[in-house]
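Have a look at the structure below before the remarks.
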Protein chains: 2
Amino acid sequence: MENRIEKIKKQLHSQSYKLTPQREATVRVLLEHEEDHLSAEDVYLLVKEKSPEIGLATVYRTLELLSELKVVDKINFGDGVSRYDLRKEGAEHFHHHLVCVECGSVKEIEEDLLGDVEKIVESQWEFKVKDHRLTFHGICKKCQSHDDDK
Amino acid sequence: MENRIEKIKKQLHSQSYKLTPQREATVRVLLEHEEDHLSAEDVYLLVKEKSPEIGLATVYRTLELLSELKVVDKINFGDGVSRYDLRKEGAEHFHHHLVCVECGSVKEIEEDLLGDVEKIVESQWEFKVKDHRLTFHGICKKCQSHDDDK
DNA sequence: CTCGCTGCAAATACTTTGCAAAGGA
DNA sequence: TCCTTTGCAAAGTATTTGCAGCGAG
């Protein structure tokens, strides 16, 4: 945890940004909720618990900054809200998501499933892939078994 | 073209919706701009050229309706705007996109590249896949050659 | 002192909703 | 007549921006 904060701090410094208390508080919230997919508002409310003086605009600005630095990925699951997802340590690509259309749960997949597909895209369409977004919509394990009850 | 309008009309009727003039005008715009990725506002302005009396809310409502019927797919490339993309005839899944981070161009890929990946997801995570969203971010052919100039 | 960073409030952008009127079955 | 659909305006969200003040170097 402290270790990752330290790394992010260095990353900010390398671009002459500072890890201010507000920014640190925001990063901590993200670290504590790695599994979740928080909206800016969510992050704001959580940060506010520890640092009540923070403003919503600051949270937006921080998330935007972290997004530029590739510390977080901004993602949108189709509701009108942007969500922010911490990149895993050393991850080159954004991880994938399984969104359950019944219960709304979101599961993350770390494995890179797209290696072959990217090769095809690069050769067949001559498109230099830098990153990707892959989300599956479907029914999660839990909802499948619930459906059996019906 | 007329053929596809006819099909959509039947699809609406089967759910007891009507293909009103406004809805038809909206569908025609989508058909005429299949390659583009129009926002609601874009569609509105284009429909307005032919049917100036239409209201923006109607366009939103129509797009929402078409989205439910899976005639169009709603997609979001990360700017704050929802875009609407007509499904290809008979397509089971949403097609993929290549978004160029330099020039912003968006290319569509019809081929289903995810067959194997979906099988893995279904068996390994016991997740019943219904649909997907796959977008690659990278550099398109054109921008790659421009970069050579530098 | 300088300059980046912050909080607040206001502005903006996008989308949805309420409602009375219109129109087809 | 009944019920869906529409246009307009208003309301709602989500996000961004302007700006004065603060604070580390």
Side-chain angles (χ1 to χ4, degrees), chain A residues 8-29 37-69 71-85, chain B residues 8-29 37-69 71-85:
Chain A
I8 292 168
K9 187 173 179 177
K10 280 182 191 152
Q11 220 175 329
L12 283 163
H13 284 171
S14 74
Q15 316 258 327
S16 28
Y17 293 116
K18 299 169 199 165
L19 184 64
T20 63
Q22 290 89 338
R23 287 177 182 165
E24 182 171 334
T26 304
V27 170
R28 282 184 189 279
V29 162
H37 299 82
L38 305 174
S39 67
E41 184 85 32
D42 296 336
V43 174
Y44 171 61
L45 292 174
L46 287 165
V47 175
K48 233 172 171 343
E49 291 176 7
K50 299 272 180 70
S51 314
E53 30 7 286
I54 201 169
L56 176 56
T58 301
V59 171
Y60 270 104
R61 283 184 283 227
T62 301
L63 291 172
E64 174 63 28
L65 178 60
L66 294 174
S67 197
E68 273 168 32
L69 296 178
V71 171
V72 304
D73 283 298
K74 193 173 177 178
I75 192 170
N76 193 301
F77 290 127
D79 52 350
V81 203
S82 292
R83 296 175 183 283
Y84 298 85
D85 214 354
Chain B
I8 291 167
K9 186 174 181 177
K10 280 182 190 152
Q11 221 175 328
L12 284 162
H13 284 170
S14 74
Q15 317 257 327
S16 28
Y17 293 115
K18 300 167 198 166
L19 185 63
T20 63
Q22 290 88 339
R23 285 176 184 167
E24 182 171 334
T26 305
V27 171
R28 282 185 188 279
V29 162
H37 298 82
L38 304 175
S39 66
E41 184 86 32
D42 295 336
V43 174
Y44 171 62
L45 292 174
L46 287 165
V47 175
K48 234 173 164 1
E49 292 177 6
K50 299 272 181 69
S51 315
E53 44 345 304
I54 201 169
L56 176 57
T58 301
V59 172
Y60 270 104
R61 283 183 284 228
T62 301
L63 292 171
E64 175 62 28
L65 179 60
L66 294 174
S67 196
E68 274 168 32
L69 296 177
V71 172
V72 302
D73 284 296
K74 192 174 177 177
I75 192 172
N76 194 301
F77 290 127
D79 53 350
V81 203
S82 293
R83 296 175 183 283
Y84 299 84
D85 213 353

Do [X] and [Y] make a side-chain contact, defined as non-hydrogen atoms from C-beta onward lying under 4.5 Å apart?
X      : Y      : value
R23(A) : L66(A) : no
I54(B) : T26(B) : yes
L38(A) : Y84(A) : no

| request: Output the single nucleotide from dC5(C), dT6(C), dG7(D) whose closest atom is nearest the side chain of R61(A). | output: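 Within the option list, the nearest is dT6(C).
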| request: For the side chain of I54(B), starting at C-beta, report the closest nucleotide among dG7(D), dC5(C), dT15(D). | output: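 Of dG7(D), dC5(C), dT15(D), dG7(D) is nearest to the side chain of I54(B).
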Give a yes/no on whether any side-chain N or O of [X] is located under 4.0 angstrom from OP1 or OP2 of [N].
X      : N       : answer
T20(B) : dT6(D)  : yes
Y60(B) : dT16(C) : no
S82(A) : dT15(D) : yes

| In a check of side chain to side chain contact (heavy atoms under 4.5 Å, CB included) between V59(B) and each of L45(B), V29(B), D42(B), V43(B), which one passes? |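 So, applying the side chain to side chain contact (heavy atoms under 4.5 Å, CB included) to V59(B) and each of L45(B), V29(B), D42(B), V43(B), only V43(B) qualifies.
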| task | Please determine which of K10(A), Q15(A), Q11(A), K9(A) meets the side chain to side chain contact (heavy atoms under 4.5 Å, CB included) test together with H13(A). | result |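 One option only clears the test, and that one is K9(A).
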Regarding [X], tell me which of base, sugar-phosphate or nothing describes its non-hydrogen contacts under 4.0 Å with the strands shown.
X      : answer
S39(A) : nothing
E53(B) : sugar-phosphate
L56(B) : base

[N] [atom2] sits how many Å from [X] [atom1], rounded?
X      : N       : atom1 : atom2 : result
D79(A) : dT15(D) : CG    : C1'   : 15 Å
Y44(B) : dC8(D)  : OH    : C1'   : 10 Å
L19(A) : dC5(C)  : CG    : C1'   : 12 Å
R83(A) : dT13(D) : CZ    : C1'   : 13 Å
E24(B) : dT5(D)  : CD    : C1'   : 15 Å
Q15(B) : dT4(D)  : CD    : P     : 14 Å
Q22(B) : dC8(D)  : CD    : P     : 11 Å
R23(B) : dG7(D)  : CZ    : C1'   : 14 Å

| Starting at the 5' end of DNA chain D and moving along, which residue's nearest nucleotide shows up first, A57(B) or K18(B)? |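 Residue closer to the 5' terminus by nearest nucleotide: K18(B).
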